[in-house]
Amino acid sequence: MRGWWRDLTDLVLPAECGGCGRARSVLCPRCRTALNGGAPRRVRPVPEPSGLPVVHAAARYADEVRAALLAHKERGVLALAAPLGAALAGAVRAGLREAGTGVGGLGPVRGRGPVLLVPVPSARRAVRTRGHDPARRIALAAAGELRRTGTSARVLAVLRQRYAVADQSGLGARQRLDNLAGALAVVPGGGRLLCGGGPVVLVDDLMTTGASLTEAARAVRAANRTVKSAVYPAVAGEGREERKTGPRMAGSNGGGGVIREAICAAVVAASPDSFEINRN
């Protein structure tokens with residue numbers, strides 16, 4: 001009976017910390033500090049892809065943080081979604097503050113829709129193999145954390161892969177960009193959903209080269225160009241001329257000028273060297 005009960009509780013409660021392996025803890029205090037102990041920072045991969053939006057990360061992808069992300073993604077330790085989502089919510093708030101949206105931990109969005117978290121989709125075969133979509137699950141947890149702390153937010157899973165791509169693991173930065181070019185698209189009707197809400201934040205669990213977020217941003221911008229009521233100009237990677245000549249909309253958001261909605265990105269973790277770059 002005791003052995004049966006232990007096996008049952010292992011299905012509900014983690015047998016060990018997802019970061020360091022300490023017994024009977026989802027994430028021990030030391031590993032929680034590694035994940036959430038520092039302020040989220042802006043990160044830039046080297047080289048930085050053209051079209052990559054501004055990205056904020058909660059932690060460096062190393063040691064305990066790396067172990068926790070892999071445990072959630074590859075081993076299906078779903079209890080880790082909550083602390084990973086809380087970390088992602090912090091990175092979302094940092095991105096929104098820098099984008100000047102008036103939200104991001106500064107109170108509810110007034111006079112417009114909720115913050116829209118758009119997860120970068122996993123490949124269908126990866127979802128089948130893992131039994132879940134890690135980025136979407138963490139995004140749902142992050143949206144819940146944002147709402148709990150007073151920021152209206154929802155997950156809008158409108159990105160889909162148009163075709164299968166090669167495994168990214170063995171590819172370099174340029175090869176990853178080429179591999180993903182044109183691979184993502186917004187589902188039919190998704191563009192209007194994106195334009196009907198508040199700031200758009202692309203979210204993922206991890207950024208290494210920035211190829212996935214760059215392609216996701218391209219797909220969202222392409223969808224938004226087909227909807228005349230609104231547009232989300234890039235925060236980074238695009239020149240002033242595009243911002244000056246972008247579509248205009250009268251009203252409280254546009255004021256007759258270029259619409260000031262945000263498209264930025266947030267991740268739980270990024271490669272350590274992306275934290276070291278400080279360029280204007």
Side-chain angles (χ1 to χ4, degrees), residues 2-46 55-95 105 117 119-120 122 126-127 129-146 148-149 167-170 203-210 212-213 265-277:
R2 186 174 298 172
W4 171 84
W5 177 251
R6 185 181 298 112
D7 290 341
L8 179 61
T9 55
D10 282 346
L11 293 175
V12 180
L13 300 174
E16 60 184 27
C17 169
C20 66
R22 182 176 297 180
R24 296 297 175 197
S25 175
V26 175
L27 205 61
C28 73
R30 187 185 71 176
C31 293
R32 284 184 184 272
T33 299
L35 183 62
N36 288 309
R41 300 234 334 248
R42 183 173 177 181
V43 289
R44 299 182 180 183
V46 183
V55 185
H56 283 77
R60 287 171 168 80
Y61 186 61
D63 303 326
E64 298 93 341
V65 173
R66 179 178 183 274
L69 280 170
L70 289 175
H72 177 261
K73 177 183 285 187
E74 304 297 350
R75 302 209 313 270
V77 183
L78 304 184
L80 286 167
L84 294 173
L88 180 60
V92 169
R93 292 189 197 99
L117 305 186
V120 176
S122 299
V127 173
T129 300
R130 294 169 180 152
H132 73 124
D133 187 331
R136 186 172 184 271
R137 187 177 294 275
I138 295 172
L140 289 167
E145 174 67 14
L146 288 167
R148 188 184 67 79
T149 53
D167 184 358
Q168 296 273 87
S169 59
V203 294
D204 207 350
D205 57 350
L206 171 67
M207 183 190 76
T208 51
T209 66
S212 296
L213 289 171
V267 295
V268 175
S271 55
D273 59 357
S274 66
F275 282 80
E276 307 306 321
I277 301 301

Which heavy-atom pair separates [X] from [Y] by the least distance, and what is that distance?
X: Ala34; Y: Val65; value: O-CG2, 3.7 Å
X: Ala269; Y: Ala57; value: C-CB, 4.2 Å
X: Ala58; Y: Ala87; value: CB-O, 3.4 Å
X: Gly21; Y: Glu16; value: O-CB, 3.4 Å
X: Gly19; Y: Ala67; value: O-CB, 3.3 Å

Donor-acceptor contact below 3.5 Å, side chain [X] vs main chain [Y]:
X: Thr149; Y: Glu145; result: yes
X: Arg136; Y: Pro119; result: no
X: Arg32; Y: Leu27; result: yes

Gap between atom [atom2] of [Y] and atom [atom1] of [X] - 0.5 Å precision:
X: Leu206; Y: Ser271; atom1: CG; atom2: OG; value: 7.5 Å
X: His132; Y: Ser122; atom1: NE2; atom2: OG; value: 8.0 Å
X: Cys31; Y: Glu64; atom1: SG; atom2: CD; value: 4.5 Å

Residues that Arg66 engages under salt bridge (Lys or Arg N to Asp or Glu O under 4.0 Å), provided they are two or more places apart: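 Checked Arg66 against salt bridge (Lys or Arg N to Asp or Glu O under 4.0 Å); zero matches.
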Is any side-chain heavy atom of [X] closer than 4.5 Å to a side-chain heavy atom of [Y]?
X: Val203; Y: Val267; answer: no
X: Cys20; Y: Cys28; answer: yes
X: Ile138; Y: Asp204; answer: no
X: Val268; Y: Leu69; answer: yes

Residues forming a side chain to side chain donor-acceptor pair (under 3.5 Å) with Arg60, sequence neighbours excluded: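 For Arg60, the residues satisfying side chain to side chain donor-acceptor pair (under 3.5 Å) (neighbours in sequence not counted) are Glu276.
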From CA spacing to verdict: side-chain contact (heavy atoms from CB on, under 4.5 Å), His56, Val43: CA-CA 6 Å; His56 283 77; Val43 289; over 6 Å; no
Extract all donor-acceptor atom pairs below 3.5 Å that involve side chains of residues 70-85 and protein atoms in other chains or at least two apart in sequence.
unit_1	atom_1	unit_2	atom_2	d
Lys73	NZ	Asp205	OD2	3.1
Glu74	OE1	Arg130	NE	3.4
Glu74	OE2	Arg130	NH2	3.1

